[in-house]
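Chain identifiers are assigned alphabetically (A, B, ...) following the order of the sequence lines, protein sequences preceding nucleic acid strands; residue numbering begins at 1 within each chain. The basis for the numbers below is simple: all heavy atoms, side chains too, and nothing from hydrogens, waters or symmetry mates.
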Number of protein chains: 2
Amino acid sequence: MAVKMKDIADDLGISLVTVSKALRNHPDISLKTRERVAARVQELGYRPNLAARSLVTGRSMLVGFVVPDLMHPFFADVAKGLSAVLREKGYFVIISSSEEDPELECKEIEHMMAHRLDALVVASSQSSAEALAPIQQSGTPLILLDRYFDNFEAHFVGSDDYNAGKIATEHLIEIGCKRIAHIQGPDTSPGSRRLKGFLDTMRKHGLEVPPEYIIKAGSGDVEGDEHGIQALRTLQSLKRPPDGIFCFNDVIASGVILEAVAQGIDVPKTLAVIGCGNLHSNRLIRVPLSSVDQRSNEIGRRAAKLILDIVQAPEGTKPAGTKRVVLQGGLVVRASTDRGGISSRPGKKIGKG
Amino acid sequence: MAVKMKDIADDLGISLVTVSKALRNHPDISLKTRERVAARVQELGYRPNLAARSLVTGRSMLVGFVVPDLMHPFFADVAKGLSAVLREKGYFVIISSSEEDPELECKEIEHMMAHRLDALVVASSQSSAEALAPIQQSGTPLILLDRYFDNFEAHFVGSDDYNAGKIATEHLIEIGCKRIAHIQGPDTSPGSRRLKGFLDTMRKHGLEVPPEYIIKAGSGDVEGDEHGIQALRTLQSLKRPPDGIFCFNDVIASGVILEAVAQGIDVPKTLAVIGCGNLHSNRLIRVPLSSVDQRSNEIGRRAAKLILDIVQAPEGTKPAGTKRVVLQGGLVVRASTDRGGISSRPGKKIGKG
DNA sequence: CCACTATACACAATCGATTGCCGTGGCCGC
DNA sequence: GCGGCCACGGCAATCGATTGTGTATAGTGG
């Protein structure tokens with residue numbers, strides 16, 4: 001059906017091999033021949049067959065990317081950054097949205113591997129790295145993104161979540177919050193790191209965190225902002241509701257703000273809210289949302305560069321250990337924490353990032 | 001390096017062919033043998049090599065999806081729906097975000113085709129179908145999504161944009177708007193269809209649309225909401241600013257609302273705003289945004305089903321003409337057009353959808 | 001003018017599967 | 001007891017490229 005090398009070769013009265021080499025600028029082939037080949041390729045509309053090439057080269061030019069939810073702006077932006085860098089080198093990214101379902105994720109990864117990926121990037125919904133270990137042993141470069149596992153050596157690209165928790169918490173304290181609550185995200189490394197950053201910072205400032213101030217957001221199939229709404233209702237039903245909330249991410253924080261406005265709570269005066277991720281939509285919502293930037297696009301780009309470093313490394317240079325790329329985000333203050341104090345330059349980024 | 005069929009075969013003392021057939025449940029192979037094979041496959045961690053399989057079967061199990069912007073929730077959601085349905089049948093989707101750049105889009109499509117896609121889904125940024133024609137002729141099923149071209153026969157899945165424009169406009173008229181403006185999106189079929197739906201409806205109701213009420217949103221590299229902000233500034237600088245705006249999409253509308261609030265304009269009393277797409281974030285923004293639903297996820301799923309119909313069709317049944325799947329969305333009223341009238345049940349969907 | 005070396009191209013094996021066709025053994029009926 | 005059918009499995013060709021090793025032609029020096 002489709003035009004293949006043999007067709008070009010026959011048409012030109014030369015060997016298939018010559019065509020192959022001509023197309024890849026092999027020095028064996030003279031300029032004149034190369035030009036003749038190129039011309040015919042244009043005319044006949046020849047397209048290389050990557051499946052055939054993969055078979056012999058062992059490289060598929062495909063990178064897998066497993067995300068918990070492609071609709072989440074963070075992961076969509078990571079995907080964009082990842083693709084943008086990789087495509088310049090001829091790679092494509094195949095994406096799978098696991099919907100935070102560990103089982104589905106496993107199946108998808110298994111299936112992806114059949115395409116002989118040149119690398120696999122995973123923002124995993126697993127609770128352990130058990131399912132990932134076989135991948136790594138198979139020789140396919142594995143890159144954990146955003147979420148990592150203890151006791152599992154692997155490349156990692158993500159943000160400094162502990163520090164993000166610290167930055168957010170210190171900001172809330174600085175603007176005068178005393179009773180600060182935290183709404184947790186999914187049970188993954190960013191979740192526990194941000195929580196730890198929060199708790200350590202509170203302790204350091206001598207502030208108490210009663211257990212009921214730590215809300216485990218339900219992890220069903222409702223949208224993230226719904227979690228925020230529910231969480232705020234729970235918090236407001238307490239004898240002493242918090243005067244500040246650090247939310248795991250901006251989607252949850254958006255829900256909190258929505259519900260706060262609905263309840264007639266003054267944000268930020270009565271209740272200050274900060275999230276994490278610095279989504280573009282933060283400035284559009286009911287009360288523009290302060291956040292810690294997460295540099296999503298850059299995370300994707302860094303992951304791509306890491307992959308390129310690995311696959312382009314000379315043959316013997318492989319066992320160089322694993323690499324960790326940890327990006328620092330900066331504080332972005334908007335109305336949701338703007339009480340008119342010193343550190344409140346609305347919409348202005350503070351710190352590196 | 002990796003385990004292959006030959007390894008399993010040698011290990012079991014049977015032929016490679018037997019292994020191949022056993023794995024695909026070929027009737028030639030006895031249950032006992034099949035089980036022995038399955039067991040070894042597990043033990044040795046065998047994974048089929050799809051590149052090799054593609055070479056002989058001619059099917060890559062890969063579907064390409066070209067979007068203008070993966071960060072736009074509409075396309076991200078379409079991608080999710082598309083992937084979800086296709087993955088059940090063993091297909092993967094490779095996504096390319098063209099950033100509304102026709103040239104980049106062409107390059108990406110060309111490159112994608114090298115993977116011998118089983119189908120290509122395109123939400124094109126091209127102004128004509130010129131670049132797409134060769135694809136179609138190559139025999140790869142081509143599906144236009146969301147955006148189509150005149151004088152170009154191809155499968156299409158998308159929403160009824162003319163009707164969306166009509167629904168939105170009629171709603172604005174119904175709540176009492178007299179001077180209605182429209183902010184255009186990119187210069188593609190949905191843009192012109194929604195505009196036409198708007199203009200026809202205005203005419204039908206005897207309402208005038210001065211040319212300065214049709215704003216061509218710039219299509220640079222700024223975010224969509226920025227267009228909305230700029231557009232509203234332009235409109236407000238007119239002698240007679242509009243009392244209602246129908247925006248091409250919700251992202252632009254979000255910008256309009258942001259700017260309106262900043263200018264102290266009362267939405268919806270002084271200015272009613274409606275968008276298109278019914279993004280999840282619509283209820284979170286400054287003034288919750290009315291919209292015409294676009295059923296993004298369903299569009300993706302329908303595209304997937306169409307692909308499956310095509311690729312699973314019996315050999316001879318191919319030339320069945322092109323198919324058009326046009327989904328109807330419904331009106332969703334929120335605060336941005338809620339003037340307390342009859343048709344204003346906040347957040348409630350009206351009509352089919 | 002011959003041997004020698006680049007230059008330019010071709011042969012054949014290979015990558016890891018699939019597929020149509022053929023071969024073997026056992027069991028049946030007549 | 002023999003032909004024949006069925007169930008099970010193997011042979012060999014094939015898919016469309018890449019790659020190391022040959023081999024003819026052309027150009028060069030002594």
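Applying salt bridge (charged side-chain N to carboxylate O under 4.0 Å, His left out) to B:R87 and the options A:E108, A:E105, A:E110 leaves one that passes, A:E108.
No side-chain N or O of A:R53 forms a donor-acceptor pair with one of A:N49 less than 3.5 Å apart. Judged purely by distance below 3.5 Å, without hydrogens or angles, the side chains of B:S20 and B:R24 pair a donor atom with an acceptor atom.
Distance, B:R116 CZ to C:dA17 P: 21 Å, rounded to whole Å. One atom, CG of A:L55, and another, P of D:dC15, lie 14 Å apart when rounded to the nearest Å. In this structure, A:N49 places its CG atom 10 Å from P of D:dT18, rounding to the nearest Å.
The aromatic rings of B:H111 and A:F92 lie tilted to each other, with the angle between the two planes from 30° to 60°. The aromatic rings of A:F149 and A:F152 stand perpendicular to each other, their planes meeting at an angle above 60°, with 30° marking the opposite boundary.
Counted within 6.0 Å of CD on A:E43, heavy atoms from surrounding residues, nucleotides or ligands total more than 12; the atom is thus considered enclosed. Open room surrounds CG on B:D187; 12 or fewer heavy atoms of other groups in view lie less than 6.0 Å from it.
Distances from the side chain of B:S20 to the nucleotides C:dT19, D:dG16, C:dA10 place C:dT19 closest. The side chain of A:R53 lies closest to D:dA17 when the candidates are D:dA17, D:dT19, D:dG16. Listed nucleotides: D:dT18, C:dA17, C:dT18. Nearest to the side chain of B:A52: C:dA17.
Mapping A:K21 and B:V56 onto DNA chain D via the closest heavy atom, the residue that lands nearer the 5' end is B:V56.
Taking the ring centre of A:Y91 as origin, the terminal cationic atom of A:R59 falls outside the region bounded by 6.0 Å and 45° from the ring axis.
With values rounded to the nearest 0.5 angstrom, B:S98 atom OG is found 8.5 Å from B:F75 atom CZ.
Near-neighbour residues of DNA chain C inside residues 22-40 of chain A, defined by a heavy atom below 4.0 Å, number-ordered: A:D28, A:I29, A:S30, A:T33. Within residues 4-13 of chain A, the residues approaching DNA chain D are A:K4, A:M5, by heavy-atom distance under 4.0 Å.
For A:T18 and C:dC9, the shortest distance from a side-chain N or O to OP1 or OP2 is not below 4.0 Å.
Summarising the geometry of A:S60 relative to B:H115, their closest heavy-atom pair is O-CE1, 3.4 Å, with the distance given to 0.1 Å.
Across its full length, the helix from C:dC1-D:dG30 to C:dC30-D:dG1 shows an angle of 50° between the axes of its 5 terminal pairs at either end, rounded to 10 degrees.
Contact of the A:S54 side chain with the A:R116 side chain is not registered, since no non-hydrogen atoms from C-beta on lie closer than 4.5 Å.
Within 4.0 Å (heavy atoms only), A:L16 reaches at least one base atom of the nucleic acid.
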